[in-house]
S.K.: 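Have a look at this one before I ask anything.
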Amino acid sequence: MAKKAQAKAGDMSRLEMTFDKPHLINSIFGEFDRNLVAIENRLGVYISARGNKVQIEGEASAIARTREVLGDIYSRVQRGEDIDLEVVQAVIAMADEPTLDGILRKNGGEEPKIMIRTRKKTLVPRSATQLPYMEALARDDMIFALGPAGTGKTYLAVAQAVAMLITGAVDRLILSRPAVEAGERLGFLPGDMKEKVDPYLRPIYDALYDCLPAEQVERRINSGEIEIAPLAFMRGRTLADSFIILDEAQNTTREQMKMFLTRFGMNSRMVICGDPQQVDIPGGSEYSGLADAVGKLEGVEGVEIIRFKSSDVVRHPLVGRIVDAYEGA
């Protein structure tokens, strides 16, 4: 990909980029140039496209970010990745981290040094904090993932768990969360135990079905290789040779969190995911087992704590702004 020199006119600048593989242009620009429109709206630049060339006009700093974003998208398309608006928004957010491009790639055009491969998809980092998080998932025994919704905390943990299960690195996946109502009173739920707790565990099921074919999910659940259960079912057990995930951990009490953490067995990996700002248990964050555990275990050897920010949200960009508004940022 060739780039012409930037020409400055007053406070505005102009840059022309040429993509040397014209057959990839549709994937880079998106249908009806929607990827370029998204970049314009987020970065405050004007982009005009003709053939395999784009001309970018705007402030010098915005042009530099636009060039980085388009270069990143170009590299992803060359590697065969699917590019949608969610990916574009994530790449734009990642451009805020000035050294991220160098960290993600060993050198120009090479694939990221960290990825998660499952039966149905291959996942690469889509925000600045997802990179160290994915590295921790592949390396550390116990990881606390803290931050707002939409940052990929649970999804990436489930994907790493599936990857380790299908390669034989662990024998079981154990996926759990506390059955706490988010400020509602749902009343008596009909059905057997599975039917009662499944609504609380739906996000975990969704992530599993994204990573494994449906028939494999069902078969592995029936065989016991994958266990999805409310937190209360963990008491009295030792979980060895397992990948264990606790979701919505901010809604545990201190006693529940201690109980869960001490289930940790040999050759296992444990990931505790939660948003400290979304506590639904009586008494609020003061009684949250997640905050208590992080305070006690930060700095302990073998425990990694990853903190996501609103800028790491990889859902609609409005979600990040909503998080900032509620947190008074």
Side-chain angles (χ1 to χ4, degrees), residues 1-115 122-131 152 309-321 324:
M1 180 175 59
K3 307 179 185 70
K4 290 186 179 178
Q6 191 170 307
K8 190 161 185 177
D11 291 332
M12 303 298 286
S13 300
R14 183 180 297 116
L15 176 76
E16 186 177 273
M17 299 178 65
T18 302
F19 299 93
D20 53 16
K21 295 185 178 179
H23 63 286
L24 300 178
I25 291 300
N26 288 340
S27 298
I28 298 166
F29 294 176
E31 188 177 12
F32 304 116
D33 293 342
R34 64 181 184 179
N35 295 346
L36 300 184
V37 172
I39 295 169
E40 287 181 322
N41 292 338
R42 285 287 298 275
L43 299 183
V45 295
Y46 174 73
I47 304 174
S48 59
R50 171 174 258 178
N52 64 330
K53 301 177 186 291
V54 295
Q55 190 171 90
I56 311 161
E57 297 182 34
E59 294 182 357
S61 59
I63 285 180
R65 286 186 65 200
T66 302
R67 178 176 56 188
E68 182 179 347
V69 167
L70 286 171
D72 192 320
I73 292 171
Y74 182 68
S75 296
R76 289 169 183 258
V77 171
Q78 285 184 299
R79 293 196 300 270
E81 293 183 30
D82 294 328
I83 303 298
D84 56 21
L85 282 178
E86 189 174 301
V87 172
V88 173
Q89 298 288 2
V91 171
I92 293 170
M94 289 161 63
D96 283 328
E97 179 62 49
T99 62
L100 184 66
D101 191 63
I103 295 172
L104 281 175
R105 290 160 184 79
K106 298 172 184 176
N107 42 53
E110 288 196 11
E111 66 182 20
K113 65 177 181 179
I114 186 74
M115 59 179 61
T122 297
L123 302 172
V124 297
R126 296 176 67 173
S127 78
T129 310
Q130 281 191 5
L131 175 61
K309 306 179 293 295
S310 60
S311 58
D312 295 305
V313 171
V314 293
R315 294 178 183 169
H316 192 285
L318 181 58
V319 176
R321 297 196 290 273
D324 282 340

S.K.: Just verifying a value: how many Å separate Asp20 CG and Gln78 CD, rounded to the nearest 0.5 Å?
M.R.: 7.0 Å
S.K.: How about Ile56 and Leu70: do any of their side-chain heavy atoms sit closer than 4.5 Å?
M.R.: yes
S.K.: Test of understanding: with side chain to side chain contact (heavy atoms under 4.5 Å, CB included), list the residues that count as partners of Gln55, not counting sequence neighbours.
M.R.: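 Result, side chain to side chain contact (heavy atoms under 4.5 Å, CB included) vs Gln55: Arg14, Glu16, Ser48, Glu57.
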S.K.: State the CD1-CG distance between Ile83 and Asp72, to the nearest 0.5 angstrom.
M.R.: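 Answer rounded to 0.5 Å: 8.0 Å.
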S.K.: I would like to know whether Phe19 and Lys21 meet side-chain contact (heavy atoms from CB on, under 4.5 Å); could you show each step before the answer?
M.R.: CA-CA 6 Å; Phe19 299 93; Lys21 295 185 178 179; over 6 Å; no
S.K.: For a quick test of reading the model, state the closest non-hydrogen atom pair linking Ile63 to Gly58 and the distance between them.
M.R.: CD1-O, 3.5 Å
S.K.: To the nearest 0.5 angstrom, please state how far the CZ atom of Arg50 sits from the OG1 atom of Thr18.
M.R.: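 Nearest 0.5 Å value for the CZ-OG1 distance: 13.0 Å.
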S.K.: Going by side chain to side chain donor-acceptor pair (under 3.5 Å), name the residues that satisfy it together with Ser27, two or more places apart in sequence or in a different chain.
M.R.: none
S.K.: Hey, can you pull the donor-acceptor pairs under 3.5 Å for the side chains in residues 29-41, sequence neighbours left out?
M.R.:
unit_1	atom_1	unit_2	atom_2	d
Asn35	ND2	Ile28	O	3.0
Glu40	OE2	Ile47	N	2.6
Asn41	ND2	Val37	O	3.4

